[in-house]
Amino acid sequence: MAANSSSTGSKSSNSAGGKQSGPSAEQVVATFQRMRQEQRSMASKAAELEMEINEHSLVIDTLKEVDPSRKCFRLVGGVLVERTVKEVLPALENNKEQISKIVESINTQMQAKGRELTEYRERYNIRLVGEGEGETQSQPTTSSRDSEGGGSKSATGVLVS
């Protein structure tokens, strides 16, 4: 029992030493995947807002051809409100401009996140599955990848699917 407790103690001290020297391969992959997911969600939000801009443009173009004193209805906070075209058109144009600014901001953040991802990939030598011709052919099954090069990959880089 004394041998088991001493080996457990040395394992915990080794793992603590490993954490101080750098994150484990699992932590690197988890952080990379989280960063990729953040970038994907930004892209999704930007696409959603682009569609909203297109909808605003269609409504604005339609309302420009209509008599300004004509009544129209606008959904404000879940409540349908009766207004005139003259009142609604400037608000729609303002909303469209604000959404455009938000999309620009999100695109800037996405570019920064892309640079951050690239730096992270280079720092930890992360390669994506299918990223190189030789890698895809040499790793057709997970069992051969794990048995032949699993240990050396953690030393040379991390493979992310």
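We number each residue from 1, following the sequence as shown. Values reported hereafter were calculated over all heavy atoms of this structure, with side chains retained and with hydrogens, waters and symmetry mates removed.
For the atom pair Arg121 CZ and Arg127 CZ, the distance stands at 10.5 Å (nearest 0.5 Å). Separation of atoms OG (Ser105) and CE (Met110) is listed at 11.0 Å; rounding is to 0.5 Å.
Phe73 places none of its side-chain heavy atoms less than 4.5 Å from the side chain of Val81. With contacts defined as side-chain heavy-atom distances shorter than 4.5 Å, the pair Val85/Asp67 does not qualify.
Atom NZ of Lys113 is surrounded by more than 12 heavy atoms from other residues, nucleotides or ligands within 6.0 Å.
Scanning all heavy atoms of the two residues, the minimum distance from Thr84 to Pro68 falls at CB-O, 3.8 Å. The minimum heavy-atom distance between Ala91 and Arg74, with the atom names listed, is CB-NH1, 3.5 Å. The shortest heavy-atom contact between Leu58 and Thr62 is O-OG1, 2.8 Å.
Residues Ile53 and Val59 do not share a hydrophobic cluster, clusters being chains of Ile/Leu/Val/Met/Phe/Trp/Tyr side chains in contact below 4.5 Å.
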For residues 92-103, tabulate all N or O donor-acceptor pairs below 3.5 Å that involve a side-chain atom, not counting sequence neighbours.
{"unit_1": "Lys96", "atom_1": "NZ", "unit_2": "Ser57", "atom_2": "OG", "d": "2.9"}
{"unit_1": "Ser100", "atom_1": "OG", "unit_2": "Lys96", "atom_2": "O", "d": "3.0"}

Which donor-acceptor pairs under 3.5 Å do the side chains of residues 29-37 make with protein atoms, sequence neighbours left out?
{"unit_1": "Thr31", "atom_1": "OG1", "unit_2": "Gln27", "atom_2": "O", "d": "2.9"}
{"unit_1": "Arg34", "atom_1": "NH1", "unit_2": "Glu38", "atom_2": "OE2", "d": "2.8"}
{"unit_1": "Gln37", "atom_1": "OE1", "unit_2": "Arg40", "atom_2": "NH1", "d": "3.3"}

>> Assess the residue pair Met42 and Asn107 against the criterion (side-chain contact (heavy atoms from CB on, under 4.5 Å)); give the C-alpha distance rounded to whole Å, side-chain angles, the decisive distance to 0.1 Å, and a yes or no.
In response: CA-CA 8 Å; Met42 282 186 226; Asn107 285 336; over 6 Å; no
